[in-house]
Amino acid sequence: MKYWWISLIILIMAALMVTCAWLLRKNRKANMITLFVVSLVLLIFKSIQFGIDRSAHRYPIEFSHMSYFILGATMTVGVKKLRPFAGLCAFISGLAFVLAGIFAPTPIYEDAENTFNWVTGIIQHEVLLFAGLCIIFNTDKYSIKDIWIPAVGIVIMFIFSVLVYNKVIYPDLLDKNRENMIIIFVLFGTILQYVLPAGTFIPVWLRVLSIIIEVILLSIVLWSFYFINNKFYDKKLKKYPDFAGKGEEYSIIALVSYLIAKNKGKKAVEQSVSEDISSLEESAVSSDIEDSENK
């Protein structure tokens, strides 16, 4: 394998990400702060990058591209109901990249325009893996009743991709990028071209079968996400009773809520002080009146 050293780098970094997530297993507060910082940095970086890439007619069209923004926006803003969806997208994107990089590192190096791109590409996907692990194992216990949220989210991502592919969205997208959308290969059942000999014709029945298998696998992944999360969370609380702490949140919504509560508390204190002063003044007046009457 020509670029075996890239596979080694990806494997070592993946091990590092797993270790970092494991080190945060006892402290939810530290985990939440880390997730907020990582997500914010990732959101800002990718926004700038894709903003610059627009001039070259490149856009966020792949599953991992969308995962950056889903994770960044969810954890930065603080939408709790979307955390499982963000964690699932991040984990799938990160894990898929690690597996692809280990077994087929050539495209990572040869498709990159420069060293900066393939280096940052590896780092970003490894960070997605880390964030996904933290959301699954170190954050909260998620209700299986909300499984419809990531399911609907993934369907929306597929619809978005179809609109991009048909040039309804991003009509100026480069054809070479549009025609190589992996998420479209998955949706249309042509992902088998990566495992079959080059130039092999994929019959309709095989494409349909692959789509059915993909739906089944996705259902299993969604169910497994909640099952694993619930099992590990219950065990974690038994082993580390103080893990949940006070359920601290670190996000824009949490900050706004804190400022509102602080402002209300300040007003309540001011009102209380004002009432106390008024009460004292009334007492003083009553005392003066009584003194006058006694005289």
Side-chain angles (χ1 to χ4, degrees), residues 1-24 34-35 38-39 41-43 45-46 49-50 53 58-72 86-137 154 157-158 161 174 176-187 189-198 210 213-214 217-218 220-221 224-225 228:
M1 189 162 53
K2 186 176 180 180
Y3 298 107
W4 61 269
W5 51 275
I6 289 184
S7 297
L8 183 60
I9 291 173
I10 291 174
L11 186 59
I12 292 173
M13 287 195 65
L16 178 61
M17 294 299 100
V18 173
T19 301
C20 289
W22 181 79
L23 291 174
L24 290 169
T34 303
L35 272 174
V38 166
S39 300
V41 171
L42 196 60
L43 180 62
F45 178 77
K46 297 307 293 186
Q49 184 182 51
F50 282 122
D53 285 347
R58 289 195 292 263
Y59 302 92
I61 56 175
E62 294 291 1
F63 189 90
S64 61
H65 295 167
M66 291 180 268
S67 295
Y68 293 127
F69 294 100
I70 293 170
L71 172 70
L88 187 65
C89 288
F91 179 74
I92 290 175
S93 297
L95 182 61
F97 177 85
V98 169
L99 293 177
I102 291 174
F103 296 105
T106 301
I108 293 175
Y109 185 84
E110 293 186 349
D111 292 349
E113 296 178 353
N114 49 58
T115 302
F116 176 81
N117 282 351
W118 70 259
V119 170
T120 55
I122 291 176
I123 294 174
Q124 292 161 30
H125 283 88
E126 295 282 5
V127 168
L128 284 178
L129 176 63
F130 166 74
L133 290 171
C134 287
I135 292 175
I136 296 172
F137 299 108
I154 291 173
M157 292 171 75
F158 278 123
S161 298
L174 296 177
K176 66 176 182 179
N177 292 336
R178 184 177 64 84
E179 294 169 0
N180 290 305
M181 294 173 64
I182 296 177
I183 194 170
I184 290 295
F185 296 154
V186 172
L187 184 61
T190 53
I191 192 68
L192 292 174
Q193 65 184 356
Y194 284 102
V195 295
L196 296 175
S210 67
I213 293 175
E214 289 166 3
L217 288 176
L218 178 60
I220 293 174
V221 168
S224 298
F225 176 93
I228 293 173

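It should be emphasised that the depicted structure is a prediction, and the values quoted were computed from it without experimental measurement.
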Contact between [X] and [Y] at the side-chain level, heavy atoms closer than 4.5 Å - yes or no?
| X | Y | result |
| --- | --- | --- |
| Tyr59 | Asn177 | no |
| Gln124 | Leu42 | yes |
| Cys134 | Phe130 | yes |

For [X] versus [Y], what's the shortest heavy-atom pair and its separation?
| X | Y | answer |
| --- | --- | --- |
| Tyr109 | Ile6 | CB-CD1, 3.4 Å |
| Ile122 | Met13 | CG2-SD, 3.7 Å |
| Ala90 | Leu71 | CB-CD2, 4.4 Å |
| Ala14 | Leu129 | CB-CD2, 4.2 Å |
| Met66 | Ile61 | CE-O, 3.5 Å |
| Leu133 | Ala21 | CB-CB, 3.9 Å |

(message) I'd like to check the side-chain hydrogen bond (donor to acceptor under 3.5 Å, both in side chains) partners of Gln49; sequence neighbours left out, ordered by chain and number.
(response)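 For Gln49, the residues satisfying side-chain hydrogen bond (donor to acceptor under 3.5 Å, both in side chains) (neighbours in sequence not counted) are Lys46.
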(message) Using side-chain contact (heavy atoms from CB on, under 4.5 Å), reason through Ile12 and Leu16 one step at a time and then give a plain yes or no.
(response) CA-CA 6 Å; Ile12 292 173; Leu16 178 61; 5.6 Å; no
(request) Sequence neighbours left out, what pairs pass side chain to side chain donor-acceptor pair (under 3.5 Å) with at least one residue falling in residues 87-97? (result)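 As it turns out, the side chain to side chain donor-acceptor pair (under 3.5 Å) pairs with a partner in residues 87-97, which skip direct neighbours, are Ser67-Ser93.
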(message) For Phe63, give me all partners under ring-ring contact (aromatic ring centres under 6.0 Å, His included), at least two apart in sequence or on another chain.
(response)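 Once residues adjacent in sequence are excluded, Phe63 has no partner under the ring-ring contact (aromatic ring centres under 6.0 Å, His included) criterion.
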Distance (rounded to the nearest 0.5 Å) between [X] [atom1] and [Y] [atom2]:
| X | Y | atom1 | atom2 | answer |
| --- | --- | --- | --- | --- |
| Glu110 | Trp118 | CD | CH2 | 13.0 Å |
| Thr120 | His125 | OG1 | NE2 | 10.0 Å |
| Ile102 | Ile9 | CD1 | CD1 | 12.5 Å |

(request) Report the C-alpha separation of Phe91 and Val221 in whole Å, then their side-chain angles, then the decisive distance to 0.1 Å, and conclude whether the side-chain contact (heavy atoms from CB on, under 4.5 Å) test is met. (result) CA-CA 11 Å; Phe91 179 74; Val221 168; over 6 Å; no
(request) Go through the steps to decide whether Met157 and Ile70 satisfy the test side-chain contact (heavy atoms from CB on, under 4.5 Å), and finish with yes or no. (result) CA-CA 11 Å; Met157 292 171 75; Ile70 293 170; 3.9 Å; yes
(message) Applying the ring-ring contact (aromatic ring centres under 6.0 Å, His included) criterion to Phe50, which one of Phe45, Tyr68, Phe69 satisfies it?
(response)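 Testing each of Phe45, Tyr68, Phe69 against Phe50, the sole residue satisfying ring-ring contact (aromatic ring centres under 6.0 Å, His included) is Phe69.
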(message) Here's a test for you: under side-chain contact (heavy atoms from CB on, under 4.5 Å), which of Ile10, Ile92, Leu128 qualifies with Phe97?
(response)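 With Phe97 as partner, side-chain contact (heavy atoms from CB on, under 4.5 Å) holds for just one option, Ile10.
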(message) I'd like to know if the side chain of Glu62 and the backbone of Ile182 have a donor-acceptor N/O pair within less than 3.5 Å.
(response) yes
